[in-house]
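For reference, the structure is listed below as structure tokens.
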Protein chains: 2
Amino acid sequence: MSGGEENLLKLVEADEPEENDYHLQEQVGFILRKAHQRHVAIFAAHIADLTPPQFAALAKLRDIGETSQNQLGSLIAMDAATVKGVIDRLKARGFVELSKHEVDKRRLLVNLTAEGRDAIERLIPVAREITEETLAPLSAKEAATFMRLLAKLA
Amino acid sequence: MSGGEENLLKLVEADEPEENDYHLQEQVGFILRKAHQRHVAIFAAHIADLTPPQFAALAKLRDIGETSQNQLGSLIAMDAATVKGVIDRLKARGFVELSKHEVDKRRLLVNLTAEGRDAIERLIPVAREITEETLAPLSAKEAATFMRLLAKLA
DNA sequence: TCAAATTCATTCGTATGCAAATGATATCAA
DNA sequence: TTGATATCATTTGCATACGAATGAATTTGA
């Protein structure tokens, strides 16, 4: 029972076998946040005049055509408050137009304008480059594995 | 040479072998954003009175002790403007205290208060649960692989 | 049928997150 | 030494992101 015993006891005290140290840098949430930050920076470097959420809205509208604002939001993972701001700004830019649903008067329909369609068609090839650059630190095989696992977490 | 030929030609027209369709749901940036959202939701469910960035600041201060605001920011991946807001709110909550650097008068030193230290010590076990729950959709082996690849992207 | 519950959208408040501009201080270099 | 640079912090402006509250319209169910 020589020196250092107290510290050792402290370590073993807890119910679970927890280490005394905690490394923020190794936590999935912290790294996830950094990886997302890096992606956004790559996106901004390629597409300066549109944010990732704005791009997502246009890309989804291209896929499915006219939809209600909330429906669009749920498809691109934005709550009602967030999607409203995104759509407002896209409307101000002339990329989407809004109209009222004839039958269900609660709904606000969103659709691409010709300009919005041109923009998204033009940007999709750039978006492919952004995806490529984001995944560049990984080999093709690693990238495939990563995408598979990431999808499970999302 | 029967019907559909024109569509086929259109597809092959481009320089690169690009598909005509673009699936937002398969883009790494979009999934990364969703995975991050899910993690933040899990975090909030476990720790209601602190955000992930606030937690990160406290955890890092616990690691390294007193530092300047900007230095802390770079360690937890926040720019100067962002870290200022986070520290301001932690100060208002009594979790950190600020002081001027004696030699370099530009620097603003940040340190944990006793209350801040208590809080972070108490929350670290909860943070381990948050990490665990975030990775729960993956097997242990998958989680290890994922963390290794994610770190390469961050 | 009609009251209760649900859905759609808006608004408000709070918290990141980053670019750009600014001011104060410190460091470097001629 | 001093003039040019660089660093630290702050502020402003803009854009997500989400909880909570609200109001309008629709759907449900007893």
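A note on names: the letters A, B, ... follow the listed sequences, proteins ahead of strands, and every chain is numbered from 1.
Looking only at distances, a side-chain donor or acceptor of A:E142 sits under 3.5 Å from a matching main-chain atom of A:S139.
For the residue pair A:E97/A:T113, the side-chain donor-acceptor check at 3.5 Å is not satisfied.
Nucleic acid contact for B:D104: sugar-phosphate only, since backbone atoms but no base atoms lie under 4.0 Å from a heavy atom of the residue. Within 4.0 Å of B:V83, counting heavy atoms only, lies no atom of the nucleic acid at all. Heavy atoms of A:T51 sit under 4.0 angstrom from primed sugar atoms or phosphate atoms, though from no base atom. If you check every strand for non-hydrogen atoms under 4.0 Å, A:V103 touches sugar and phosphate atoms only.
Of all nucleotides listed (C:dC12, C:dG17, C:dC18), C:dC12 comes nearest to the side chain of A:A81. Checking D:dT11, C:dA15, D:dC18 against the side-chain heavy atoms of B:Q54 singles out C:dA15 as nearest. Nearest to the side chain of A:V86, among D:dT16, D:dT10, D:dG19, sits D:dT16.
Between B:R93 atom CZ and C:dT14 atom C1' there is a gap of 12 Å when expressed in whole angstrom units. Atoms NZ (B:K105) and P (D:dA6) sit 24 Å apart, rounded to a whole Å. Between B:D79 atom CG and D:dT12 atom C1' the separation is 13 Å, expressed in whole Å. Between the CG atom of A:L90 and the P atom of D:dA15 there is a distance of 10 Å, given to the nearest Å. Summarising the geometry, the separation between CG on A:L72 and C1' on C:dC8 is reported as 14 Å, rounded to the nearest angstrom. At whole-Å resolution of the value, NE2 in B:H101 and P in D:dT7 are 16 Å apart. Counting to the nearest Å, the C1' atom of C:dC18 and the NE2 atom of A:H36 are 13 Å from each other.
Distances shown here put every side-chain N or O of B:R107 at or beyond 4.0 Å from the OP1 or OP2 atom of C:dA24. Distances shorter than 4.0 Å separate some side-chain N or O of B:Q69 from OP1 or OP2 on D:dT10. Considering only side-chain N and O atoms, B:R89 lies under 4.0 angstrom from the phosphate OP1 or OP2 of C:dT16. Residue B:Q37 has no polar side-chain atom (N or O) positioned under 4.0 Å from OP1 or OP2 of D:dT16.
A salt bridge links A:R62 with A:E121: the distance from a Lys NZ or Arg NE/NH1/NH2 to an Asp or Glu carboxylate oxygen falls below 4.0 Å. Ion pairing between B:R122 and B:D118 fails under the 4.0 Å rule for side-chain N and carboxylate O.
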### Task
Could you go through the salt bridge (Lys or Arg N to Asp or Glu O under 4.0 Å) check for A:D104 and A:R107 one step at a time?
CA-CA 6 Å; A:D104 187 339; A:R107 296 190 198 174; 3.2 Å; yes

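Contact of A:R106 with D:dT26 (side chain to base): no donor-acceptor pair of N or O atoms is detected under 3.5 Å.
In terms of position along DNA chain C, the nucleotide closest to A:S68 lies nearer the 5' end than the nucleotide closest to the other residue of the pair A:S68 and A:V40. Taking for each of A:G85 and B:A41 the nucleotide of DNA chain D with the nearest heavy atom, the 5'-most of the two is the partner of A:G85.
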